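Only one structure is covered here, and it is reproduced in the block below.
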Amino acid sequence: ESILSRRDRALTKIRMPGRLVRDAILVGSGSVVCQVLGTVTALALRVLMDPALVGVWSGLKVFLGYGNMTGLGASKAAAREIAFETARGNHAAAERSAQVAFTVNAITSVLTMLGLFAAAAWMRATATGPFANYWVVGLAAIGVFVPLDRKSTRLNSSHTDISRMPSSA
């Protein structure tokens with residue numbers, strides 16, 4: 001038996017083209033705004049920062065990007081499973097998927113944060129040169145931002161059924 005009744009399916013078919021167009025415009029315009037802001041920010045950083053500091057900034061962004069990947073897609077997998085299991089009426093399995101995603105994200109976020117803090121401490125103890133302190137402070141800051149970035153990724157992954165995901169991943 002389908003989750004949607006015949007009446008609901010008929011209404012969905014009627015409303016779908018307008019909603020599809022509206023959603024496509026919203027996503028498309030949001031992407032354009034993000035691209036413009038990213039370009040303006042990149043140009044401003046290159047104008048305002050020393051070229052070596054731009055390299056430090058770029059390196060730190062790489063750490064942040066890879067730090068977000070240490071969750072191994074647990075949030076995206078959970079969002080998929082939650083939708084399937086909720087549709088099947090298996091709320092216990094949906095809750096279990098949410099809890100596993102939360103646990104994986106919490107553990108990997110903390111491990112990544114500790115790894116970045118350790119790298120910052122190692123740089124502080126061993127690195128010399130004019131940009132060493134920028135790396136130390138930057139790595140420590142990225143260590144703080146990795147869990148926050150992971151939280152936003154979890155929220156984006158689970159937007160289809162946000163109420164099923166734990167709020168503090």
Side-chain angles (χ1 to χ4, degrees), residues 1-42 57-122 138-169:
E1 182 175 322
S2 176
I3 291 176
L4 298 175
S5 68
R6 283 187 193 163
R7 180 179 154 269
D8 291 338
R9 276 187 260 143
L11 288 173
T12 302
K13 287 180 184 176
I14 293 169
R15 293 181 191 153
M16 186 59 130
R19 181 176 178 193
L20 181 64
V21 170
R22 186 177 62 243
D23 289 349
I25 290 170
L26 181 66
V27 170
S29 61
S31 296
V32 169
V33 168
C34 287
Q35 291 295 325
V36 168
L37 289 175
T39 302
V40 168
T41 302
W57 172 255
S58 297
L60 292 172
K61 284 179 49 182
V62 168
F63 279 104
L64 183 60
Y66 282 119
N68 198 24
M69 292 181 195
T70 59
L72 305 174
S75 293
K76 292 183 189 318
R80 177 184 173 276
E81 290 302 312
I82 289 167
F84 287 154
E85 296 302 337
T86 301
R88 290 181 186 136
N90 191 353
H91 297 290
E95 184 63 31
R96 190 171 43 255
S97 294
Q99 294 301 323
V100 168
F102 170 78
T103 303
V104 169
N105 278 322
I107 290 170
T108 57
S109 288
V110 168
L111 290 175
T112 303
M113 181 176 62
L114 292 174
L116 288 167
F117 287 165
W122 176 75
L139 286 171
I142 295 299
V144 171
F145 286 125
V146 163
L148 297 174
D149 194 35
R150 294 282 293 286
K151 170 88 172 179
S152 70
T153 299
R154 182 196 61 80
L155 291 173
N156 289 334
S157 297
S158 62
H159 73 280
T160 55
D161 195 359
I162 192 117
S163 64
R164 303 297 307 158
M165 294 290 278
S167 62
S168 57

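Numbers here simply count residues along the sequence, with the first being 1. Keep in mind the model is a prediction, meaning the values are calculated, not measured.
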Measuring only between side-chain heavy atoms, which start at C-beta, is [X] closer than 4.5 Å to [Y]?
X      : Y      : value
Val144 : Phe117 : yes
Val104 : Leu72  : no
Thr70  : Leu111 : no

For residues [X] and [Y], report the shortest heavy-atom separation together with the two atoms involved.
X      : Y      : value
Thr108 : Asn105 : OG1-O, 3.5 Å
Ala101 : Ala74  : CB-O, 3.7 Å
Ile82  : Ala98  : CD1-CB, 3.9 Å
Glu85  : Ala94  : CB-N, 3.8 Å
Ala120 : Leu139 : CB-CB, 3.8 Å
Met113 : Gly143 : CG-O, 3.0 Å

Suppose we screen for side-chain contact (heavy atoms from CB on, under 4.5 Å). Which residues come up paired with [X], at least two apart in sequence or across chains?
X     : result
Trp57 : Leu45, Met49, Lys61
Val40 : Val36
Ser58 : Arg46, Val54

Hey, is the main chain of Ala106 close enough, under 3.5 Å, to the side chain of Ser109 for a donor-acceptor pair? no
Indicate yes or no for a side-chain donor-acceptor contact from Thr86 to the backbone of Ala83 under 3.5 Å, with no hydrogens or angles considered.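 No, Thr86 side chain to Ala83 backbone: no donor-acceptor pair under 3.5 Å.
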Working to the nearest 0.5 Å, report the span between CE of Met69 and CG of Leu64.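 One finds 10.5 Å between CE of Met69 and CG of Leu64.
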Interatomic distance, CD1@Ile142 vs OH@Tyr66, rounded to 0.5 Å, equals 14.5 Å
